[in-house]
Amino acid sequence: MSEIAKDLHTEHMVINMGPSHPVTHGTVKFLVTLDGETIEDLKVEIGYLHRGFEKMCESGTWYQVFPYTDRLNYVSPLINNVGYALAVEKLIGIDVPERCKYVRVIACELSRIADHMTNVAAGGLELGAFTAFLYFVEARELVWDLIEMLCGARVTTNYVRIGGLKNDLPDGFKQKTLEVFKRCRVLWSDVNKLLTKNRVFIDRVRDVGTMPAEEAIAYGFTGPCLRACGVPYDVRKANPYLVYDRMDFEVPIGETGDNFDKYLVRMEEINQSMRIVEQALEQLPGGPINVDMPYYRWQSKDDIYNRIDSLIFHFKTVIEGIKPPPGEVYLAVESGNGELGFYLVSDGSGKPYKCRVRPPCFPLTAAMPRMMKGRLIADIVPTFDMINMIGGECDR
Amino acid sequence: MDASVTLQRLTERFGDSILETHSYRGDDTAVVKKEDIVALCTFLRDDGKLLYNFMMDLTAVDYLGREPRFEVVYHLYSLRYNRRVRIKAGVPESDCSIDSIVPVWIAADWFEREVFDLYGIAFNGHPDLRRLLLYEGFEGHPLRKDYPVKKRQPLIGPIN
Amino acid sequence: MGSIKGRLGALRRSGQELLDSGEAERLLGGSVLFTKVESVVNWARKYSFFLYPFVTACCGMEFMSVAGPKYDLDRFGAALPRFSPRQADLLMVVGTISHKQAPVLVKVYNQMTEPKWVFAFGVCAVSGGFYDNYATVQGIDTLIPVDVYVPGCPPRPEMVIDGLMKLQEKVAQERWSDWPRGAAPVTDEAKLTEC
Amino acid sequence: MTQFDGKGSQVTVGVPAGRLKPKRVRRNLDLTLWEKLYVFEIIRGMYVTTKHFALNMLGFVLPPRGKKRSVFTVYYPDEKVVLPPAYRGRPVLVMRPDGTERCVACGLCETACPGHAISIVGAERENGERYPLSYVLDMTRCVYCGFCEEVCPKEAIVMSSEYQGLAETDRSRMRYSKEQLLRSEESVKGRIEYIRRIYSKCNY
Amino acid sequence: MSEYIHVLIMLVLAAATAGGMLVATSLIGPKKSFIDKMEPFECGESPIVSPKLRFSVKFYLVALFFVIFDIEAVYAYPWAVLFKELGLFGFIEMMIFLTILAIGLIYVWRRGALEWDR
Amino acid sequence: MVADLIESVAKIVFIFSINLGFFAPILGWVERKQSAVMQDRIGANRANIGKFTIIGLFHPIADAVKVLTKEDFVPAGANKFFHTLAPFICLVPAIATFSVIPFGGQYELFGHHVNLVIADLDVGILFVFALTSLATFGVVLAGWSSRSNWSLLGGLRASAQMLSYEVAMGLAIIGIIMVFGTLKLSEIGAMQENFLHWGIFIQPLGFILFFTCAVAENKRVPFDVPEAESELVAGYFTEYSGLKFVMFWMSEFLEIVTISGILTTLFLGAWHIPFVTDAMLLSFFQFAGPNGATILAMLVNIATFFAKVIFFIWLQMTIRWTLPRFRYDQVMRLCWKMILPLSLINISITGLVLLLWIK
Amino acid sequence: MQLLMFYLLGLGAVVAALIMVTNKRPVRAAMSLIATMSFLAGLYVLLDAHLIAALQLIVYAGAIMVLFLFVIMLLNIEEKEGRLAGSALLWQMIAIAVVGLVFVLMVSVVKLSDNVVPLGEAAALFGTTRAVGKMLFTEYLLPFEIASVLLLAAIVGAVILAKRRIDDSDQ
Amino acid sequence: MVSLNSYLILGAMLFSIGAVGVFTQRNALIIYMCIELMLNAVNLTLVAFSRFLNNLDGHVFVFMIMTVAAAEAAVGLSIIISLFRNKPTVNVDDINLSKG
Ligand code: SF4
Ligand code: SF4
Ligand code: SF4
């Protein structure tokens, strides 16, 4: 039918979708060339949320990077915290205590649950399923309560420290978690009932945004989107960090990489993450949560109050910052969207010389034109939602 | 040592274009000449013993006051062998460009644009080398060490 | 038809002039009726904000929560997001505004119909927050007039509700002649280039 | 965009399958006829929402006599959530019982603050004790990270649990002076104890 | 006839209500227009091309089918009303009619005129 | 004559006020409140007059007043006349359609014949279709005259969708007309006195088809693609502000009521209570004297009718808040490839069954 | 009452028709034509042609005019094609004169013949769906069936015309 | 009471207006509309006659005319569209059928 359109001298309709458009989360602009309803061409313009993450990191101390990492992938800030801390620890060459590892795993997985819930919820919302959205927001609210209990903030957690954590698990955390998970599972199954088998939903997402595995790899997909294509690559399994190798969990994979697969993978990962948290809580050992290397952390209050050398040293670390040895490392963790890599360069001073983040949703967004050409304009909605582009992470 | 299989094979094959190799903290690193980057990457991708099919990350570092001033850093991952490698190529300020590896990994497209945007390193043969994160009309490259953090260039002029 | 339209237009124009010039207020100054009408209108406006969510960054997560079941902005009559600025009353600027985004924000503000209010959500919108660098606008009030600032990074939903109630108070005090506001002024600050 | 040439990528994962444990998600490619006819799945979905509707109707719109409302929504200005002790609200300065501040204007918080929200002008009392002549906290820059609290050697600045009353209609009013920041020790006692607990030792 | 007068009254009332609303809204309310505002909304950008352009012929085809099948429905109403009186004969008559039109529908279907995603 | 006049005026005033004064504002509230309760929240409840908030019932009032004092906006380059005309064209049919729907039966009251329908037209249901087809122009004009890409796309989608479903709706209803043999809605209503003769039992397929078409015709979720927020911003009314925009909404809400009315009349036994005939009702109210009994029966019937209408409104709202929306091509495919053939099949089956029945 | 309604509706129809023919903008013309048709529907009601009135709205105003409107928008000819060819002005003058003459003639013929048929009370079922339907399905059976063939032909023809190029390009 | 003549005159007026339009308008679409108007005028006359003669044949005719009008509109507009393809104009002076 496009031939007719050409005969009719149909000028193509070029519209700006975004940046301030409900589907683009305010941070992307799609320049869509339409022929009727079909997308002839799609150009993605990002950078609307570029706030100079790297420059800010380079101008602060190693510690001051933590709040900035919170705001990278703001849907799962704890994973960013952990990733950065792990990278710095690798740079310095220290290993954190067992308990710390477990708590970090718990924190990461809670964050992942919140992330996937938000993603599925937002996807549902934009497809018009407002109720499913609110059920997951409700569940996320409960998970956030846990996170708040743990870190003191709902979104911008700033919880992990180099060589340890800010604080230990609070009292009653385990019991509260189990309670919350019980309710979360109810809400999860409600959403599952509302969406997974609903033909209206399936019609919208199935066979849209398909990506063959080879191509997905070439585009640099990672995370749920790659797993949806059938490639079981998960950093937690491939290069287990922390104590993931002791956890018993499965990596859900899809078949064709369409949006339905991405959705199913995410739904399943929520379950798996809950399992991990429960296991970690079960196995949680006692002991310290911080490394015993006072050089790399801010001094404890007891020492500061009582020992003058500690106080002086404290002043030094705060003002000059801790000083990892010169060198460079790259460390990847599995964030909500895939491989979140930190590439740190230290020149031996108190400030990071370079603090690069490999944003997992960056290549995903870059593949939008590939996934969208020749599809209908309405297909942008689920596809873009399911790649879960997070402005803070993509634009930094 | 298993970790250095990659580096071994690379030195075997591209002996003279590898300037330096090391495995600091377990990260295999090879510093290469920038002229050979495409050939090297193609080899890394296609060689049966390496198969680095993921271009995980591409960035640059500005070593102000050192020669070459910039270093373009590639992080590769091989799904098949579960291995990672870091390739670095120096780019001098006087000839601030390097060959694009988009033909090798399509994923490099935006990464290269980003580096171009923030560091001003041109990628020869890139299909669409424009600014990515900042807007047209932004002057300079903010991640260079000599760009002040607070130097603002507001886009908003008089309305219309 | 034309003449009727013309006459209506003239009537409207003269009425508008009357209102704009403050003449009406002088005439009706102490008039109980006018203030009554004004207060009724303000009452209505304050309980019926249609939002335009200009969501860009992390604060959006909290914004979801505010609209979500636990904090439920709808209780204040402000839950209806309208994505067309023509229908919205309250521009919620949620998150960081970069220099690339700034013209968009100004345009959306300009395209909103009167009366319109602006809500700066989170420190980034208020002042740029801790992103004091080359890319970020140092507070949206350098671009458009802001009615309520809510700090916090991100603000707790309660803080947002506080802010909304502040705005309601403010709306309740408004006079008819406060409107229209017109285009966003181009302030010097917006053009400022500092090193 | 260059075209994808499909070369050189093999989907074999270098991780032992035993470790990987991939789980194929059920795509149910062929829906049953039952599911294909929109109607029944729609009814099932409606059952879920109606269940919520009914439960909530009974739960909080029309609660059964004698039962407390089971509300998920917090009626904010009238009700408040219980905050965990870890919660980081706005930073406040701690006041000694005699009305002076604990702060000694050492400037650590100023340095550690990522948002550069704190600006201190120090001075010295007659007794040689340093104190902040002015202590300005720019609430428009504070990101509630808690670093100031963490580094302060005097427990002089703590993250209180306050979050109310921060919204302003005027940006200039959001630079809080020392007077606005000072809180009596009593009112932030819980937090001080909490800090002592979590920061007292490096390892605990 | 009186029934129609009622309809007329309803229509007039409805028109009065709607018209009153339009007049009221154009009289009350602040107004200010400037260039930026009067531009059509494009997600905060200026429109790239004027929307005054032709749209896909698919929409025309839909209207076309609508006209044809509407006529079909129009024939069906009197038939349905009379169905019980016409009996088998009427039924066969209508079936022929419907079959011929169903052929039209099938033709259109096969020609792909009902495909939207092409 | 005088009695006639009183009767007509009473009916018109009743319907007019219940539609515009009750349903139109309250539905906005119901939609918010019902969705809120479904989603584990509480919904609008803080607008107050003095101390009273009565579960948020002041919110629609606040909305109305606010919207009235909002700027009236016409974009540059728009065709001002048509831009203003469009909401008018949408709203007028929405208000007027209800006039053919019977909200009660026929009664003898003080020797006067009372027929509880404003206009008992011979072509009843066709009149509804006629007015609905006019409403399409409002949508087309709204989209076209705004000169905005989103509006244009939305207007096109809306009009094509409305056209398609109009056909499907017209054909879906043939079955029930065959059964009842009339287009007059009051007669159809009267024929469903017996519970087992309710349209929904005689024509289950027709009911589902018609219901789907009606929802789609009204562009509600899951068929709200023309105004899909996540795709087209606000669809054809993107460039409308204030009251004009609310007029589109009002027409949507009024159409919900109208659809519910038609559904009730055609499929859910109109004003009849299950298993209760008119005679039973009259004898039940015997104590109030003949006229009193009639009046009481009348009131009960009206109440029954509106209870059913409210049930359908509730149903539509629940569906609206349960489902995600279709994609545009799916909407069209559903119409042309599922509903249309199915309604043709429905006609044939009904015809065959009726023929066998008659024999 | 009837008289008043007749004059109102008739006046409306004529005025709307005049607006249509004098208009240069197709959308305006189409909208005026819709108005004309709606007024005509009112006139049909006056003539007790209930079914025809409804059909007038459904078919003419609702369906055919939508088609027109779509084509106008599809071709986007609003305003662009509005000009009147200057050379044709003379022709127009002549046309108007001729048509006016014909009109006057017609009116005078009607007036002169003056066989005013008295308008009796309509039969109870006159113009109802039932009555018209009976006519249609008994006496006019053949036209009815032919109509279906006509519609089929129309649909096929229209689709072929609209889609012609696809086949061309297919070959 | 309204006499038959009034209806006939009204029909005639509408018919002539349509005819004038056909002659004066240059826009093929508006010309088409004028033809529709003329058909409508005929319909009106038919219905009026039918009413005054108390005979329903007229109604059936109108029914048929509507069918034909619809079919004609469908095909005619398609023709306009395919003409437009060759030359993007609807001005009848510019449409050269022999080339079409
Ligand atoms: S205020 Fe904080 S949470 Fe909000 S956008 Fe800015 S950095 Fe993100
Ligand atoms: S909480 Fe963080 S941002 Fe706020 S004053 Fe303290 S250190 Fe600065
Ligand atoms: S760190 Fe503590 S004592 Fe030092 S200046 Fe800050 S508040 Fe005062």
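Here is the naming used below: chain letters follow the sequence lines, and residue numbers restart at 1 for every chain.
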Minimum heavy-atom distance between D/Cys145 and A/Asn158, given as atom pair plus value: O-ND2, 2.9 Å
So does A/Lys176 have more than 12 non-hydrogen atoms from other groups sitting under 6.0 Å from NZ? yes
Is A/Arg71 in contact with chain D via its backbone, its side chain, both, or neither, using a 4.5 Å heavy-atom distance? side chain
Value for CG (A/Asn167) from CD1 (D/Ile195), rounded to nearest 0.5 Å, stands at 11.5 Å
Are the charged groups of A/Arg161 and D/Glu150 less than 4.0 angstrom apart, N to O? yes
Check each atom of A/Gln272 against the heavy atoms of chain D and say whether the ones under 4.5 Å are side chain, backbone, both or neither. side chain
Which portion of A/Leu165 sits near chain D, non-hydrogen atoms under 4.5 angstrom: neither
Of all of A/Cys151, A/Gly286, A/Gly60, A/Pro170, which one pairs up most often with chain D through heavy atoms under 4.5 Å apart? A/Cys151
Given a strict heavy-atom distance threshold of 4.5 Å, which part of D/Cys113 is in contact with chain A: side chain, backbone, both, or neither? backbone
Shortest non-hydrogen contact between D/Tyr87 and A/Glu148, atoms and distance: CD1-OE2, 3.0 Å
What are the two closest heavy atoms between A/Ala153 and D/Arg88, and how far apart are they? CB-NH2, 3.7 Å
Please look at D/Pro114 and chain A and tell me whether the side chain, the backbone, both or neither of the residue comes under 4.5 angstrom of a heavy atom of that chain. both
Go through it in stages, so that I can follow the logic: the residues are D/Leu108 and A/Ile319, the test is side chain to side chain contact (heavy atoms under 4.5 Å, CB included), and I'd like the CA-CA distance, side-chain angles, deciding distance and then a yes or no. CA-CA 7 Å; D/Leu108 277 191; A/Ile319 291 169; 4.0 Å; yes
For A/Leu187, is it the side chain, the backbone, both or neither that has a heavy atom under 4.5 Å from a heavy atom of chain D? side chain
Top of D/Gly115, D/Gly107, D/Pro85, D/Cys152 for chain A proximity - count of heavy-atom pairs under 4.5 angstrom: D/Cys152
Closest non-hydrogen atoms of D/Cys106 and A/Phe315, given as atom of the first, atom of the second and distance, are CB-CZ, 3.6 Å
Counting heavy-atom pairs under 4.5 angstrom with chain D, the leader among A/Glu141, A/Met56, A/Glu138, A/Met149 is A/Glu138
Which bit of A/Thr157 comes within less than 4.5 Å of chain D, counting heavy atoms only: side chain, backbone, both or neither? backbone
Nearest 0.5 Å, what's the CD-OG1 distance between A/Glu320 and D/Thr111? 11.0 Å
Nearest-0.5 Å distance, CZ of residue A/Arg154 to OH of residue D/Tyr144: 14.0 Å
